[in-house]
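One structure is given below, encoded as structure tokens.
Excluded from the calculations below are hydrogen atoms, water molecules and symmetry mates; all remaining heavy atoms, backbone and side chain alike, are included.
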Amino acid sequence: MVDFYQILIVVYCLFSWFPIRQGGFAYDVAVVLDRLCGPYLNLFRRIIPPFGGIDFSPVIALIALNLAERLVFNIIL
């Protein structure tokens with residue numbers, strides 16, 4: 001499940017690189033991705049502001065998600 005969420009975050013970042021017209025299929029996908037990934041990424045955007053116009057919060061969010069996954073699996077196993 002964590003791997004799927006990580007993929008969603010990466011796809012969300014890829015969608016942010018391209019202009020998307022409102023009303024199309026890509027726009028609908030972008031809105032869904034924003035509603036799924038936005039709240040989690042906003043936690044890190046409060047801590048790490050964009051540097052030189054580049055948002056590093058998704059990278060930190062993916063690292064934190066990966067560390068949390070490892071921690072949970074080490075506790076369970």
Can you tell me how far the CD1 atom of Ile7 sits from the CG atom of Leu14, to the nearest 0.5 Å?
11.5 Å
Fit a plane to each ring of Tyr5 and Tyr40, take the angle between them on a 0 to 90° scale, and name the class: parallel (under 30°), tilted (30 to 60°) or perpendicular (over 60°).
perpendicular
CG of Asp28 to CZ of Phe25, rounded to nearest 0.5 Å, is 7.5 Å
Leu71, Leu77: one ILVMFWY side-chain cluster at the under-4.5 Å cut-off?
no
Working to the nearest 0.5 Å, report the span between CD1 of Ile9 and CG of Leu65.
5.5 Å
Mind listing the closest non-hydrogen atom pair of Arg21 and Tyr27 along with its distance?
O-CB, 3.2 Å
Calculate, to the nearest 0.5 Å, the distance between atoms CZ and CD1 belonging to Arg70 and Ile75 respectively.
14.5 Å
pair Val29-Ile20: side-chain heavy atoms closer than 4.5 Å:
no
So do the side chains of Leu62 and Asn66 get within less than 4.5 Å of each other, counting heavy atoms only?
no
Are Trp17 and Val11 grouped together when hydrophobic residues (ILVMFWY) are joined by side-chain heavy atoms under 4.5 angstrom apart?
yes
Please determine whether residues Val32 and Leu8 belong to a single hydrophobic cluster, defined as Ile, Leu, Val, Met, Phe, Trp and Tyr linked transitively by side-chain heavy-atom distances below 4.5 Å.
yes
Gln6 CD to Phe4 CZ distance, which is reported to the nearest 0.5 Å:
12.0 Å
Is there a continuous path of hydrophobic side-chain contacts, each under 4.5 Å between heavy atoms, that joins Tyr12 to Ile48?
yes
Drop me the distance from Ser16's OG to Leu33's CG, to the nearest 0.5 angstrom.
10.5 Å
Give the minimum heavy-atom separation between Arg45 and Ser57, together with the two atoms involved.
CG-OG, 3.2 Å
Do you know the tightest heavy-atom contact between Pro58 and Leu41?
CA-CD2, 3.7 Å
Taking all atoms of both residues into account, what is the closest heavy-atom pair of Phe15 and Ala30, and its distance?
CD2-CB, 4.0 Å
